[in-house]
Asker: 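Pasting a structure below so you can have a look.
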Amino acid sequence: MDRAPREFWTSIVTAVEMVVHGLDTLDEDRCSAQWLDELRWLFGWGPFQMSEAVFREWITGSVLTPGRKLSMLELLLDECGGNKEFEDLVNDAAGRWRVGVRFRGARFVPVDSEELHRTVVEPALAVLAEPEFQSAEAAYKKALACILGGDPAGAITAVASAIEEMLKAGGAAGSRLQDLSRSGKNAGWFGAEVQLQIEKLEAFRTHSDAHGVGTKDPHLGMLVVHLGGALLLYLAQSGPFLEVD
């Protein structure tokens, strides 16, 4: 994301303007006012005036980090609402300019590998959208947001939390990942080989921000995101969540 060209950000601005200008005047004013209030609260900013020129410069310029730009855009879309056309425009621009991000489910998600994103991350997010997986979904989405925000150590912590929440949703007992995985295995949810893969996530804790600064390597963070996504996908479609005809 740090190397995303200005042309990519310009395409994003054009897509956002399409959404906002598609609203009627009252809705556009309301959307803009609520968005500015959210920005002030989230970033601790004082009062300021927003214009299309200022917005365009913030998003296409170098003053803000990519993570902060994406957070601002997500807040705006939360207020104004996106649509399929916006999603297609963003994803087309990301593909054209080879930028490792896609827009799915009202959020930007990191893409380190197109194949892994398509076969692991997207299916995991689709499954986690079920109400019973709300806590696991929130943690996994936090992991993706951490990657985009340049915080791979935080992503590793969030992935471990997502697995823990998934195990708890399935009735596993315990407060630590090892205890929960042991409980799930003993309940017949999965075998020893899956238990081993879950517990191997503990090895990455030394690189998380749970016990220190943690890693700065984004590729290590994405490795854990992909491993965690594959485990979440399996767990959500097995054991207590297995559909019985």
Asker: Membership question, hydrophobic clusters at under 4.5 Å side-chain separation (ILVMFWY): are Leu148 and Phe8 in the same one?
Answerer: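 Yes: a chain of side-chain contacts under 4.5 Å links Phe8 to Leu148.
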Asker: Measure the shortest side-chain to side-chain distance between Ile156 and Arg205 over non-hydrogen atoms and say whether it is less than 4.5 angstrom.
Answerer: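 Of all side-chain heavy-atom pairs linking Arg205 with Ile156, none is under 4.5 Å.
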Asker: Write down the atom of Pro218, the atom of Lys216, and the distance for their closest heavy-atom approach.
Answerer: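 Nearest heavy atoms, Pro218 then Lys216: CD-O, 3.1 Å.
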Asker: Under 4.5 Å between side-chain heavy atoms, hopping through other hydrophobics if needed: is there a path connecting Met166 to Val127?
Answerer: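 Hydrophobic grouping puts Met166 with Val127.
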Asker: Less than 3.5 Å apart, which donor and acceptor atoms pair up between the side chains of residues 171-181 and the rest of the protein, not counting sequence neighbours?
Answerer:
residue : atom : partner : partner atom : Å
Arg176  : NE   : Asp179  : OD2          : 3.3
Asp179  : OD1  : Arg182  : NH1          : 3.2
Ser181  : OG   : Leu177  : O            : 3.2
Ser181  : OG   : Gln178  : O            : 2.9
Ser181  : OG   : Glu199  : OE2          : 2.8

Asker: Going by atom type alone, with no hydrogens or angles, which donor-acceptor pairs under 3.5 Å involve a side-chain atom of residues 64-81 and a protein atom two or more places apart or on another chain?
Answerer:
residue : atom : partner : partner atom : Å
Thr65   : OG1  : Arg68   : N            : 3.2
Lys69   : NZ   : Ile59   : O            : 3.0
Lys69   : NZ   : Gly61   : O            : 2.6
Ser71   : OG   : Gly67   : O            : 3.1
Glu74   : OE2  : Phe108  : N            : 2.9
Asp78   : OD1  : Arg107  : NH1          : 3.0
Asp78   : OD2  : Arg107  : NH2          : 3.0

Asker: Under 4.5 Å between any side-chain heavy atoms of Leu227 and Phe204, yes or no?
Answerer: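 Touching, per the 4.5 Å side-chain cut-off.
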Asker: Each residue besides Val111 in its hydrophobic cluster should be listed here, by chain and number; the cluster joins Ile, Leu, Val, Met, Phe, Trp and Tyr at side-chain heavy-atom distances under 4.5 Å.
Answerer: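 Noted: Val111 shares its cluster with no other residue.
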Asker: Check Gly229 against Ala124 and note the closest heavy-atom contact, atom names and distance.
Answerer: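 Shortest heavy-atom contact: O-CB, 3.8 Å.
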Asker: Under the rule for ring pair (Phe, Tyr, Trp, His ring centres under 6.0 Å), what residues qualify as partners of Tyr234, not counting sequence neighbours?
Answerer: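 Once residues adjacent in sequence are excluded, Tyr234 has no partner under the ring pair (Phe, Tyr, Trp, His ring centres under 6.0 Å) criterion.
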Asker: Walk me through it: do Ser11 and Thr14 pass the test side-chain contact (heavy atoms from CB on, under 4.5 Å)?
Answerer: CA-CA 5 Å; Ser11 297; Thr14 301; 5.6 Å; no
Asker: Ring pair (Phe, Tyr, Trp, His ring centres under 6.0 Å) with Trp35: which residues, sequence neighbours excluded?
Answerer: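 Scan of Trp35 (ring pair (Phe, Tyr, Trp, His ring centres under 6.0 Å), adjacent residues dropped) gives Phe55.
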Asker: What closest approach, in Å, do Ala230 and Val120 show between heavy atoms, and which atom pair accounts for it?
Answerer: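 Shortest heavy-atom contact: N-CG1, 3.5 Å.
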Asker: How close do Asp151 and Gly154 get, heavy atom to heavy atom, and via which atoms?
Answerer: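 Taking every non-hydrogen atom into account, OD1-N, 3.0 Å.
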Asker: Please check if the number of heavy atoms outside His21 that lie under 6.0 Å from its NE2 is greater than 12.
Answerer: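 Yes, NE2 of His21 has more than 12 neighbouring heavy atoms, counting only those of other groups under 6.0 Å.
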Asker: Report the C-alpha distance between Arg6 and Glu57 in whole Å, list the side-chain angles of each, state the deciding distance to 0.1 Å, and finish with yes or no for salt bridge (Lys or Arg N to Asp or Glu O under 4.0 Å).
Answerer: CA-CA 10 Å; Arg6 188 181 181 94; Glu57 181 55 36; 3.7 Å; yes
Asker: Flag the pair Pro152 / Asp217 as yes when at least one side-chain heavy-atom distance between them is below 4.5 Å, and no otherwise.
Answerer: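 They are not in side-chain contact.
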Asker: For residues 129-147, dump all side-chain donor-acceptor pairs below 3.5 Å to protein atoms at least two apart in sequence or in another chain.
Answerer:
residue : atom : partner : partner atom : Å
Glu137  : OE2  : Lys141  : NZ           : 3.3
Tyr140  : OH   : Val225  : O            : 2.9

Asker: Starting from the C-alpha separation in whole Å, work towards a yes-or-no answer on side-chain contact (heavy atoms from CB on, under 4.5 Å) for Val194 and Lys185.
Answerer: CA-CA 8 Å; Val194 174; Lys185 186 255 185 184; over 6 Å; no
Asker: What are the two closest heavy atoms between Leu232 and Ala162, and how far apart are they?
Answerer: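 Of all heavy-atom pairs spanning Leu232 and Ala162, the closest is CD2-O, 3.6 Å.
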Asker: Can a donor-acceptor pair be found, under 3.5 Å and without considering hydrogens, that links the side chain of Arg102 to the backbone of Val109?
Answerer: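 No, the answer is negative, given that no donor and acceptor are paired below the 3.5 Å cut-off.
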Asker: For the backbone of Leu233 and the side chain of Gln237, can you confirm whether one donor and one acceptor N or O come within less than 3.5 Å of each other?
Answerer: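 Yes, the answer is positive, given that a donor and an acceptor are paired below the 3.5 Å cut-off.
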Asker: Could you tell me whether Arg96 and Glu7 make a salt bridge, using a distance below 4.0 angstrom between a side-chain N and a carboxylate O?
Answerer: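 Salt bridge flag = no for Glu7 with Arg96.
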Asker: Compare every heavy atom of Pro5 with every heavy atom of Val99, then report the nearest pair and how far apart it is.
Answerer: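 Reported closest heavy-atom pair: CG2-CD, 4.0 Å.
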Asker: Between Leu201 and Val121, is there shared hydrophobic-cluster membership here, with clusters defined by ILVMFWY side-chain heavy atoms closer than 4.5 Å?
Answerer: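 Linked, Leu201 and Val121 end up in one cluster.
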Asker: Would a distance-only check, ignoring hydrogens and angles, find a side-chain to backbone donor-acceptor pair under 3.5 Å from His226 to Met222?
Answerer: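 Answer holds: yes.
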Asker: Group every Ile, Leu, Val, Met, Phe, Trp and Tyr by side-chain heavy-atom contacts under 4.5 Å, then state whether Leu196 and Leu231 land in the same group.
Answerer: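 No, Leu196 does not connect to Leu231 through the hydrophobic network.
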Asker: With the 4.5 Å side-chain cut-off for hydrophobic clustering, are Leu116 and Leu223 part of the same group?
Answerer: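 Looking at the clustering, Leu223 is in a separate group from Leu116.
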Asker: Run the side-chain contact (heavy atoms from CB on, under 4.5 Å) check on Asn91 and Phe86 step by step: do they pass?
Answerer: CA-CA 9 Å; Asn91 294 335; Phe86 172 83; over 6 Å; no
Asker: So do the side chains of Phe241 and Trp189 get within less than 4.5 Å of each other, counting heavy atoms only?
Answerer: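 Touching, per the 4.5 Å side-chain cut-off.
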Asker: Do Leu167 and Phe190 come close enough that some side-chain heavy atom pair is under 4.5 Å?
Answerer: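 Contact flag for Leu167/Phe190 side chains = yes.
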